[in-house]
Amino acid sequence: MTEKTPESDEVFLARLAEWQQGDFSLDCGDFLFRDVSEPTDEGEDDGGAVFDSETVGFAVISQTCDVARESERVPYVSVCPMVVVDAKRIGEIKRGQAPRFGFLSATPDDVVVDFSRTMSVSKELLVSWERQRGCEDERQQLEFARALETFFGRFAFPDAFVASVASLRKAILSKYSKGESDLGKAVRSIREIRAYPHASWSDMAAVPITFIAILEDEGKRELADREEIRKQIWPKISAIDWKGPFSLHEDGLHMATLGDLTAADYLNSYPLDVNSLSFARRYIA
């Protein structure tokens, strides 16, 4: 095996440094994963290795700093497959109803990133691929990172809580994309809804809940007035049919911007997965 020279190391690191989270490459091989082992015709175990040839390409999901780090310290990069989806699914992704998929710029039509599957590749293999820039600017980089963070970091709410908020989720999803509805305008003026439990989630006696509606900056809201937003949202929250130990706290809805919240407010609350608020493709053109 030929050893790398200092000059070739420099070239390799320079090429590696061109890659960042969200970059992708097309037509660069099959997706490899493990399944139940099956015997071969020769009676041997096939090891369960499966090659999926339906993938269009791969997108890098590792953090950019880890991608650029020397191979001796971090030898591998995580990638997700890029797949073709139909028009119906594209619409669901744009509305935030399919969080397992993500968008990148400059991809072929109807091609998205499938976050639900990951694969490790060596950095030597990565730099051999033809790189395409997936995020055109810092804003898109941040949105892609947030999509990854939200998908992989979703909190597993108790079943009784999920059943309780089903009506709220339905109300938000049904009005999110309807421009003439005051409720739709109110929902689109909120960037995130978080649930604040006033007891442990596992408390079997009583868990009162306060919802924190984090508003968009005033210039981005379709309804600028906080009280008007509250007027539209509150009936849907007060109408929740609570299950198990869950109930609405006496201070059931707190309206705030990110600047209004303390770090404790944010860290001790949990993002409510009502999909459209969490995942909608609002800004990527």
Side-chain angles (χ1 to χ4, degrees), residues 21 61 63 96-97 99-100 102 115 139 141-173 176 183 186-218 220-221 223-280 282-283:
Q21 185 180 73
I61 62 168
Q63 293 185 346
Q97 296 172 3
R100 65 172 280 194
F115 295 145
R139 173 179 56 81
Q141 291 173 9
L142 181 59
E143 289 195 347
F144 188 71
R146 284 176 174 169
L148 287 167
E149 179 184 7
T150 305
F151 178 77
F152 286 105
R154 286 178 294 175
F155 178 70
F157 289 103
D159 290 344
F161 178 83
V162 174
S164 298
V165 300
S167 62
L168 176 62
R169 179 180 182 275
K170 182 178 180 180
I172 289 174
L173 290 177
Y176 184 84
L183 176 58
V187 168
R188 291 190 299 274
S189 298
I190 298 171
R191 64 180 299 155
E192 184 179 3
I193 294 179
R194 300 180 72 86
Y196 185 99
H198 293 268
S200 168
W201 286 107
S202 59
D203 193 321
M204 299 304 294
V207 186
I209 300 293
T210 292
F211 291 101
I212 302 176
I214 303 178
L215 303 174
E216 296 281 10
D217 293 336
E218 191 167 344
K220 295 182 179 179
R221 297 179 210 160
L223 292 179
D225 185 74
R226 294 190 186 197
E227 290 308 309
E228 183 60 29
I229 297 173
R230 176 187 290 274
K231 178 181 175 182
Q232 298 299 323
I233 297 295
W234 176 249
K236 305 303 179 184
I237 290 177
S238 61
I240 291 174
D241 181 15
W242 292 97
K243 314 292 184 184
F246 300 100
S247 63
L248 192 63
H249 189 265
E250 59 183 10
D251 179 20
L253 176 60
H254 178 52
M255 312 285 292
T257 63
L258 282 173
D260 297 331
L261 296 177
T262 66
D265 290 334
Y266 197 85
L267 293 176
N268 292 327
S269 59
Y270 300 79
L272 190 63
D273 185 5
V274 289
N275 284 356
S276 283
L277 291 177
S278 300
F279 299 102
R282 296 186 178 184
Y283 308 117

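Quick note: numbers below take in every heavy atom, side chains included, and nothing from hydrogens, waters or symmetry partners.
Between the side chain of T210 and the backbone N or O of D251 there is at least one donor-acceptor pair closer than 3.5 Å. No donor-acceptor distance shorter than 3.5 angstrom exists from the side chain of N268 to the backbone of D265, with no hydrogens or angles considered. Within the 3.5 Å criterion, the main-chain N or O of I214 finds no donor-acceptor partner in the side chain of R194. Judged by distance alone, with hydrogens and angles left aside, the side-chain atoms of Q21 form a donor-acceptor pair with the main-chain N or O of I61 at under 3.5 Å.
Contact annotation: the side chain of I209 approaches that of F161 to within less than 4.5 Å [non-hydrogen atoms, C-beta and beyond]. Between V162 and K243, every side-chain heavy-atom pair lies at or beyond the 4.5 Å cut-off. Within the 4.5 Å cutoff, side-chain heavy atoms of V165 are placed close to those of F211. Contact annotation: the side chain of Y270 approaches that of F157 to within less than 4.5 Å [non-hydrogen atoms, C-beta and beyond]. Between I240 and S167 the shortest side-chain heavy-atom distance falls below 4.5 Å. Counting heavy atoms from C-beta outward, E192 and Y266 have side chains that approach closer than 4.5 Å. Residues L168 and L272 meet the side-chain proximity criterion, which asks for heavy atoms closer than 4.5 Å.
Using a 4.0 Å cut-off between charged side-chain N and carboxylate O, R230 and E227 make a salt bridge.
For the residue pair A199 and A206, the shortest heavy atom distance occurs at CB-O, 3.5 Å. Between S189 and I229, the shortest heavy-atom contact is CB-CD1, 3.7 Å. Residue P158 comes nearest to W201 through the heavy atom pair CD-CE3, 3.8 Å, listed as atom of the first residue, atom of the second, then distance. Counting all heavy atoms, side chain and backbone alike, A256 lies closest to L261 at CB-CD2, 3.7 Å. In terms of heavy-atom proximity, P245 sits nearest to M204 at CB-O, 3.7 Å. Here the shortest heavy-atom pairing between L248 and S238 reads CD2-CA, 4.3 Å.
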Audit row: V207, H198, side-chain contact (heavy atoms from CB on, under 4.5 Å) steps and yes/no: CA-CA 6 Å; V207 186; H198 293 268; over 6 Å; no
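Between the CG atom of D217 and the CG atom of L258 there is a distance of 8.0 Å, given to the nearest 0.5 Å. From E216, atom CD reaches atom OG1 of T257 across 11.0 Å, with rounding to the nearest 0.5 Å. The NZ atom of K236 sits 14.0 Å away from atom CG of L253, with the distance rounded to the nearest 0.5 Å. Here CD1 of I193 is found 13.5 Å from NE2 of H254. Values are rounded to the nearest 0.5 Å. With values rounded to the nearest 0.5 angstrom, K220 atom NZ is found 7.0 Å from R191 atom CZ. The structure places CG of L183 at 9.0 Å from CZ of R188, a figure rounded to the nearest 0.5 Å.
Summarising the local packing, CD of Q63 is surrounded by 12 or fewer heavy atoms from other residues, nucleotides or ligands at distances under 6.0 Å.
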